[in-house]
Amino acid sequence: MLPTTIRSPPATEDYTPLSEYQSQTPDSFVGGKPVLHQHVVGAKAWIPKAQCGSLPVFPADSTQGPTGFEAEHINGEAEELVEQKVDIFVNSNNFTIYSPQVEAGVSIPYPSISIHAVKQVGSQEQGNRTQAVWMQLEFSDGGANDDDFNMVELTIIPPPATSDADPSPAQQLYEAMANCSDLHPNPIDGEEDEEEEYADRIVFEGSAEHEAIEGFTGVWRGTTDGGLPPPMPGSGGWITADNVQDYFDEDGNWIGQGGEEEEDLGEGAGRVRAHDEVEADGSKEEESKADSENKRPRVD
């Protein structure tokens, strides 16, 4: 997804405050103003100098480096970063930042924010440590070369809290972004998921369309188009909840495919014989054999 450039500063009146939204039932859940989860004024925004021009708030000719005590504690990378003062609007539709100095801003779709995290800036020993929100942005036009992303690293340092009792501004910004990101899950590539689901399915032999699995005789891979694998030889295919009545009666007895009764095998078929019946049959066979041995051969 690509960001949208804005040329006029957003106003808080363009949004519904989160507290107001949660305090009453909206007339409609469709349309209406976006919900403003977090508003930050005068935050510092950093990106690598090599990425200038990738966001409207950082023109290609930007030269302003990091300012304040944070610039002294970024591991010697100050000369590789540029800074802009921005206002931030974390709303339910997108993540919006605007620079009054540049008179430009950008609305970033949440699926384009691939990673965001709280980052420590400064030295804890010197008491100049603060928190920032670091994020990795990935922009793509969604065309044929969708895997070709334009990646941007953006760091936001909110103004410090007014008192030590207040929550960390960076943590509040992070949580607001996380809540809004949950409203915009990444789009699912149906073809990719379908391929992962069916590619390694093992099915029975019976169709030339299926690819044999090496090392397994008579075992074939399933299709990737969502179709069912071929049935076992001699079977009627898959038995599911939709066609189970064609194979079993109400008592759970097998009736065959299509509800056709199988041929009657006669009296006693399927019955377990008692031990005395088996011995009786054995005795009759022995007697019959003895009689045949005692008979004299016929002489013509």
Side-chain angles (χ1 to χ4, degrees), residues 6 9-26 32-47 55 57-58 64-75 77-78 81-102 104-110 112-137 152-184:
I6 56 177
T12 55
E13 292 77 13
D14 299 333
Y15 307 96
T16 300
L18 179 61
S19 57
E20 178 182 334
Y21 179 80
Q22 294 177 334
S23 64
Q24 57 186 358
T25 303
K33 296 180 180 181
V35 179
L36 185 61
H37 287 244
Q38 187 77 5
H39 180 213
V40 181
V41 178
K44 297 179 181 179
W46 296 344
I47 68 167
L55 293 176
V57 293
F58 292 96
Q64 175 65 56
T67 60
F69 74 89
E70 297 93 353
E72 303 173 1
H73 303 282
I74 53 177
N75 301 325
E77 299 177 357
L81 299 172
V82 293
E83 178 181 293
Q84 286 287 358
K85 287 291 185 69
V86 296
D87 298 335
I88 302 173
F89 299 82
V90 184
N91 64 84
S92 56
N93 284 359
N94 48 58
F95 180 76
T96 301
I97 58 177
Y98 183 85
S99 172
Q101 180 180 356
V102 181
V106 60
S107 295
I108 302 172
Y110 285 106
S112 296
I113 305 176
S114 59
I115 304 174
H116 70 289
V118 176
K119 175 182 179 180
Q120 304 293 335
V121 179
S123 173
Q124 187 175 7
E125 291 76 11
Q126 298 178 3
N128 293 330
R129 193 173 187 179
T130 188
Q131 290 183 328
V133 175
W134 173 88
M135 64 192 78
Q136 180 175 285
L137 311 178
V152 180
E153 293 186 6
L154 176 64
T155 302
I156 302 293
I157 304 178
T162 55
S163 67
D164 295 338
D166 294 337
S168 165
Q171 188 66 36
Q172 289 181 312
L173 177 60
Y174 169 83
E175 292 176 357
M177 292 178 60
N179 292 334
C180 290
S181 295
D182 291 342
L183 302 176
H184 301 268

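No more than 12 heavy atoms of other residues, nucleotides or ligands shown are found within 6.0 angstrom of CD on Gln101.
A donor-acceptor contact shorter than 3.5 Å links the side chain of Glu83 to the backbone of Thr67. The main-chain N or O of Glu13 is found under 3.5 Å from a side-chain atom of Lys33 such that the two form a donor-acceptor pair. Between the side chain of His39 and the backbone N or O of Asn91 there is no donor-acceptor pair closer than 3.5 Å. Not one N or O on the side chain of Ser181 forms a donor-acceptor pair closer than 3.5 Å with the backbone of Tyr110. Formation of a donor-acceptor pair under 3.5 Å by the Asp87 side chain with backbone atoms of Gly42 is found in this model.
Side chains of Tyr98 and Ile6 form a contact here, defined as non-hydrogen atoms less than 4.5 Å apart. Under the 4.5 Å side-chain criterion, counting only non-hydrogen atoms from C-beta, Leu36 is not in contact with Pro17. Looking at heavy atoms from C-beta onward, Asn94 lies out of side-chain contact with Pro109 at the 4.5 angstrom threshold. Counting heavy atoms from C-beta on, the side chains of Leu137 and Leu55 come closer than 4.5 Å.
Between the CG atom of Asn93 and the CG atom of Asp14 there is a distance of 11.5 Å, given to the nearest 0.5 Å. Taking NE2 from His37 and CG from Asn179, the interatomic distance works out to 6.5 Å, rounded to the nearest 0.5 Å. Rounding to the nearest 0.5 Å gives a distance of 10.5 Å between CH2 of Trp46 and CD1 of Ile156. For the atom pair CE (Met135) and CD1 (Ile115), the distance works out to 12.0 Å, reported to the nearest 0.5 Å. Atom CZ in Phe89 sits 7.0 Å away from atom OG1 in Thr12 (nearest 0.5 Å).
Listed by chain and residue number, nothing satisfies the side chain to side chain donor-acceptor pair (under 3.5 Å) test with Asp182 (two or more places apart in sequence, or in another chain). Ser168 pairs by the side chain to side chain donor-acceptor pair (under 3.5 Å) definition with Gln131, not counting sequence neighbours.
The shortest heavy-atom contact between Ser112 and Ile108 is CB-CG2, 4.2 Å. Closest of all the heavy-atom pairs between Pro158 and Pro169 is CB-CB, 3.8 Å. When all heavy atoms of Cys180 and His184 are compared, the pair lying nearest together is O-CD2, 3.3 Å. When every heavy atom of Ala132 is checked against every heavy atom of Ala170, the shortest pair comes out as N-CB, 4.0 Å. Nearest heavy atoms, Ser99 versus Gln84: OG-OE1, 3.7 Å.
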Could you walk me through whether Phe58 and Leu154 pass the side-chain contact (heavy atoms from CB on, under 4.5 Å) check? CA-CA 11 Å; Phe58 292 96; Leu154 176 64; 4.1 Å; yes
In residues 171-178, what donor-acceptor pairs under 3.5 Å come from side-chain atoms, sequence neighbours left out?
from: Gln171; atom 1: NE2; to: Glu175; atom 2: OE2; distance (Å): 3.4

